[in-house]
2 protein chains.
Amino acid sequence: MRVLGILGGMGPQATIDLYQKVLNYTPATRDQDHLQVLIWSDPHIPDRTAAILYGGMDPSYALCAGAAKLVSGGAECIGIPCNTAHYYLAAVRRAAQGVPVLDMIELTAKAARDCLGTGARVAIAATQATLATRLYDSALASVGLVPMVPSPPEQVIIDDLIFGPSGVKAGFVDANNCRRFQELCVRLFSSGAEGIIAACTELPLLAGSPSTMLPIIDPTSILAQALVSFGLKD
Amino acid sequence: MRVLGILGGMGPQATIDLYQKVLNYTPATRDQDHLQVLIWSDPHIPDRTAAILYGGMDPSYALCAGAAKLVSGGAECIGIPCNTAHYYLAAVRRAAQGVPVLDMIELTAKAARDCLGTGARVAIAATQATLATRLYDSALASVGLVPMVPSPPEQVIIDDLIFGPSGVKAGFVDANNCRRFQELCVRLFSSGAEGIIAACTELPLLAGSPSTMLPIIDPTSILAQALVSFGLKD
């Protein structure tokens, strides 16, 4: 078994979601069957959206310091439960000094291709900053999927679900927001999406239990599976 | 704000429960309002019950190594979401080199006294190892409460809820176990308990949302409040 590292806090509830999914995917009947995990949950990392879109403080220093902390604490593989933060992945990988840092976006694009088949139209429900980086557009295109960006009114709903005064980052993982996210997904499917990526780690918190009926793809679950698979290797 | 450390993994689900309660008690409307937390979740720490009752491998080395890891990673205060592990608190405190390690059992005894009043009879729902250490008996007696130990048939139910093949450590935080824990509590109240301490961190997972109606005292919540209070100090 190998030690997992989680570079989290963006937000903290999404970090818990990732660790919960790591536990769920680990075959275990007692404490000792589970993996050792070092979590640095740093909600003080400057806002990624503010940095990318509005020239806010650069979060890469704090991200790199966090990765270095995990490496010196013994992490043998690192996952980052924040899609937008993947814009800084190259810098984080340099800071990790050879310890692998998983690319949640690349893993998600491959999982979406396996789930939906080449050529499918995939909506990206994400922060405006993640969309601006075009990380998902490139990753999806490179596996033969067709990225779809939400319309401006749909994006208003997504931003509000994530950052709004009654959104997930303000602590509202409630029935009302779950219903609003479900309505948004229905709208995206009606606009021609064949699958939806819940491409901000706050959004899977509103998606409930994984459903095999609805093609809503959860990057946090995919990252958790990859971490567990790495951790259980001999 | 100060950096919190969590020495967890005993079990990992209880570690998530503690961190979730830390988030719940933190006044926050955005990521940056939350505290920085370093979590070392080490489910490989040898079983505390086996060590205390049956001469199993001593967990104190792994506990001390974990505390040292948290201190070198910048933790300014440490909480341990495992009641039985508090038997090794003195050793962990030495390993923490002056960084305060909170005593969940002492904090819980004081909270129970504040909630129930001096002289109240308090049942200790815990592992057999925690009972054998008499940590709660001493802590409760020193604040003027009267400790009550479950009867042997009640203890069989508690052990099964924690360690059984369908217990919490095997991943079963389900409606059936919640109902069984509720029935156990009713039984303890019928036997004369005026309050119950859910004195194994797996048990509050079966207690649902905190209730102001039923005097079931949750050491994980009390530890979370103490950590947040420390973290938010100037």
Side-chain angles (χ1 to χ4, degrees), chain A residues 1 3-4 6 8-20 22-24 26-50 57 62 65-66 68-70 72-75 82 162-173 202, chain B residues 1 3-4 6 8-20 22-24 26-50 57 62 65-66 68-70 72-75 82 162-173 202:
Chain A
M1 288 193 183
V3 179
L4 303 180
I6 295 177
M10 305 168 280
Q13 194 65 59
T15 298
I16 288 185
D17 189 38
L18 175 63
Y19 187 33
Q20 182 65 61
V22 164
L23 296 189
N24 295 350
T26 305
T29 57
R30 48 178 202 143
D31 292 355
Q32 288 74 17
D33 297 334
H34 281 281
L35 294 160
Q36 293 175 306
V37 185
L38 184 62
I39 303 171
W40 173 231
S41 185
D42 184 4
H44 299 176
I45 294 174
D47 187 78
R48 288 65 61 196
T49 291
M57 197 188 289
K69 188 192 289 281
L70 292 173
S72 51
C82 173
I162 299 167
F163 294 109
S166 302
V168 173
K169 282 189 186 286
F172 293 85
V173 180
E202 268 67 38
Chain B
M1 285 192 184
V3 179
L4 304 180
I6 295 177
M10 304 168 280
Q13 193 65 58
T15 298
I16 288 185
D17 189 39
L18 175 62
Y19 187 33
Q20 182 64 61
V22 164
L23 296 188
N24 296 350
T26 307
T29 57
R30 50 179 200 140
D31 292 355
Q32 288 73 17
D33 296 333
H34 281 282
L35 294 160
Q36 293 175 306
V37 184
L38 184 62
I39 302 172
W40 172 232
S41 185
D42 183 4
H44 298 176
I45 294 175
D47 187 76
R48 287 67 60 198
T49 291
M57 198 188 289
K69 188 193 288 283
L70 291 172
S72 51
C82 173
I162 299 166
F163 294 110
S166 302
V168 173
K169 283 190 185 284
F172 293 85
V173 181
E202 268 67 37

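Numbered from 1 within each chain, the chains take letters A, B, ... in sequence-line order. For clarity, every value in this text was computed on a predicted model and none was experimentally measured.
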> In terms of heavy-atom proximity below 4.5 Å to chain A, should L4(B) be classed as side chain, backbone, both, or neither?
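Contact with chain A involves no heavy atom of L4(B) at all.
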> Tell me, for V168(A) versus chain B, whether the close heavy atoms (under 4.5 Å) come from the side chain, the backbone, both or neither.
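For V168(A), neither part sits under 4.5 Å from chain B.
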> With a 4.5 angstrom heavy-atom cut-off, could you sort out which part of L23(A) is near chain B: side chain, backbone, both or neither?
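When you check distances to chain B, only side chain atoms of L23(A) fall under 4.5 Å.
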> Side chains of P43(B) and M10(B): does their closest heavy-atom pair fall under 4.5 Å?
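No, their side chains stay 4.5 Å or more apart.
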> Between L38(A), T29(A), D31(A), which shows the greatest number of heavy-atom pairs under 4.5 Å with chain B?
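Sorted descending by pairs with chain B, the first entry is D31(A).
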> Between G73(A), G167(A), G171(A), P165(A), who has the most heavy-atom pairs with chain B when the cutoff is under 4.5 Å?
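Among the listed options, the one with the most contacts to chain B is G73(A).
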> Can you say whether P46(B) sits under 4.5 Å from chain A via the side chain, the backbone, both, or neither, judging by heavy atoms?
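Just the backbone, heavy atoms under 4.5 Å.
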> Heavy-atom distances under 4.5 Å only: say whether L70(A) touches chain B with side chain, backbone, both or neither.
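Neither part.
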> Using non-hydrogen atoms only, which part of L35(B) is less than 4.5 Å away from chain A: side chain, backbone, both, or neither?
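It is the backbone, since no side chain atom gets that close.
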> Which pair of non-hydrogen atoms, one from H44(A) and one from H34(B), has the smallest distance, and what is that distance?
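Heavy atoms only, the tightest pair is NE2-O, 2.7 Å.
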> Is a side-chain N or O of Q32(A) found less than 3.5 angstrom from the main chain of I45(B), in a donor-acceptor match?
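Side chain of Q32(A) to backbone of I45(B): a pair is present.
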> Classify the side-chain pair Y19(B)/T15(A) by whether it contains a donor and acceptor separated by less than 3.5 Å.
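No.
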> Would you say that V3(B) contacts W40(A) through its side chain, given a criterion of any heavy-atom pair below 4.5 Å between the two side chains?
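Of all side-chain heavy-atom pairs linking W40(A) with V3(B), at least one is under 4.5 Å.
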> Say whether D17(B) and Q13(B), considering side chains only, have a donor N or O and an acceptor N or O under 3.5 Å apart.
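Note: D17(B) and Q13(B) side chains miss the donor-acceptor criterion.
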